[in-house]
Amino acid sequence: MLNLEHTINSGQVFLWERYGNKWYGIHGDDVLLVDQSNPEIVVSYSGEKYDLFRQSDNFNKVIREIAKDVIIKEATKRFAGMRLLRQDPFQCYISFIVSANSNIQNIRLSLYKLAKKFGKKVRFNGKEFFLFPDAKKISSASISEISSCGLGYRTKYVHAASEAVRSGAIDLELLKKSDYHTARDELCKIDGIGNKVADCIMLFSLEKTDAFPLDRWMLRALHNYYPGRFTVDESLTERRYHILHDELREYFGAYAGYCQQFLFKMIRDSNQKRW
DNA sequence: TCGGCACCTGCCTA
DNA sequence: ATAGGCAGGTGCC
C-alpha cells in the first residue's frame, strides 16, 4: 500500500501541502491531488494523466531486487509504501539547484516564493495555487526579481540554468532517453549543478533509477549502516564521488536509486530531522 | 587530482 | 538578546 506521508516527506519533492488525508502538489504547469484513502488515483487540475508514483516500475519486483541485506530490508519494511516520484523535469532541475548547501525549510520557502512571484495563479477545489514558472519566464526575469525569492548566491545559477533550457542548450526531455553518464555530463555543464544535484535531477525526473545522490546524509548513512563496506571518505572529490557511486550501483543494481531514498529517509528520521 | 575556502539566507543554539 | 553555526554543495584557486 502506497504511503503518501513517507513518499512526500522524504526530501525528494518540495511543493506539496497536506490537508487532512489529501495532498496537493505543484507539478510544473499543473496541480496534482492525491488522497491517502485511495492513493493510486492521481487527480490533476488540467485533467492530464500522470504516472506520478512510477507504477510502471513494478514495485514488488524493485523491492525484491534491492533487498540485498538486512539494512535495506529493515528500511523497506519500516517505510513500506514509500515510492520514488516521477517529477516534472524543469521544476526538479531548478529545485535541486536551489537545494545546494541549504536546508529543507529554506528550499521549500524559496520555491514557494519563486512560484508565487512568477507562476500562474489557479484555483483548484476552492484552493489557490501558483504553478511552477517555465524556463522562458524565469530566464526573462531580472536578477533582482529572482533574488527577491531568497535564493542568495544561487540566483545567478537559477537564471542561467533557465536560459540554458529556454535556448535548448540543454534538453531535459532528450536526457530522459540518454544513458546515465551522458545525462550526468550534460547536467554538470550547468553552473550550480555538480554530481549530487545531477543525480537528484536524474533520479527524480529523468528516468535514471540507478542515479544515487551522495550528500552528507548519505555519507553518514553509509558510515553508520555499512561500516567498511564501501569507499566512504569524509569529503567527496569528483573522483571519489564516482568511485563510490560505481560501488553502490554495482552492489544495489539498476534500482539503486530506490535504496538511496530508503536510506536517506531512515537516517534523517533517526536523527529526528524535520521535513 | 586534492584540499581549502567562500558563499546567500534564515533558522537554531549556546 | 545576539553572535556564530549550520544546512540534501559547488566553484575556484
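Numbered from 1 within each chain, the chains take letters A, B, ... in sequence-line order.
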Review point. For dC2(B), does either OP1 or OP2 sit under 4.0 Å from a side-chain N or O belonging to Thr237(A)?
Key: yes

**Study point:** Candidate nucleotides dG10(B), dG11(C), dC11(B), ranked by approach to the side chain of Arg274(A) - the nearest
**Key:** dC11(B)

Point to revise | Selection from dA7(C), dC2(B), dG9(C) that lies nearest to any side-chain heavy atom of Asn106(A) | key: dA7(C)

Check your understanding: Considering heavy-atom distances to DNA chain C, does Ile190(A) or Asn103(A) have its closest nucleotide positioned more toward the 5' end?
Key -> Asn103(A)

Revision key, fill the gap. Note, DNA chain C 5' to 3' with Watson-Crick or G-U pairs under 3.5 Å encoded as ( ), [ ], | and . gives .||||||.|||||

Check your understanding: Under a 4.0 Å N-O cut-off, is there an ion pair linking Glu207(A) with Arg86(A)?
Key -> yes

Practice item. Kindly say whether, by distance alone, the side chain of Asn101(A) makes a donor-acceptor pair under 3.5 Å with the base of dT10(C)? Key: no

**Study point:** Sugar-phosphate, base or nothing in reach of Arg154(A), heavy atoms under 4.0 Å
**Key:** base

**Study point:** Same-atom distance (P) from dA1(C) to dT9(B), integer angstrom
**Key:** 24 Å

Exercise for review: Classify the nucleic acid contact of Ser95(A) as base, sugar-phosphate or nothing, counting any heavy atom under 4.0 Å across all strands shown.
Suggested key: nothing

Check your understanding: Looking across every strand, which nucleic acid part, if any, lies under 4.0 Å from Leu236(A) by heavy atom: base, sugar-phosphate, or nothing?
Key -> nothing

Check your understanding: To the side chain of Ser147(A), which of dT9(B), dG11(C), dG9(C) is closest?
Key -> dT9(B)

**Study point:** Same-atom distance (P) from dC5(B) to dG5(C), integer angstrom
**Key:** 14 Å

Review point. Considering only dG9(C), dA7(C), dG3(B), which nucleotide approaches the side chain of Lys196(A) most closely?
Key: dG9(C)

Exercise for review: Determine the contact category for Gln260(A): base if any of its heavy atoms lies under 4.0 Å from a base atom, sugar-phosphate if only primed atoms, P, OP1 or OP2 are that close, otherwise nothing.
Suggested key: base

Study note, to complete from the structure: Walking DNA chain B from its 5' end, the first of Ser235(A) and Tyr153(A) to be reached, judged by nearest nucleotide, is Ser235(A)

Check your understanding: Which residue, Phe130(A), Tyr45(A), Tyr19(A), forms the ring pair (Phe, Tyr, Trp, His ring centres under 6.0 Å) with Tyr24(A)?
Key -> Tyr19(A)

Review point. Does any non-hydrogen side-chain atom of Glu145(A) lie less than 4.5 Å from one of Phe118(A)?
Key: yes

Point to revise | Touch class at under 4.0 angstrom, heavy-atom based, for Tyr157(A) against every strand present | key: sugar-phosphate

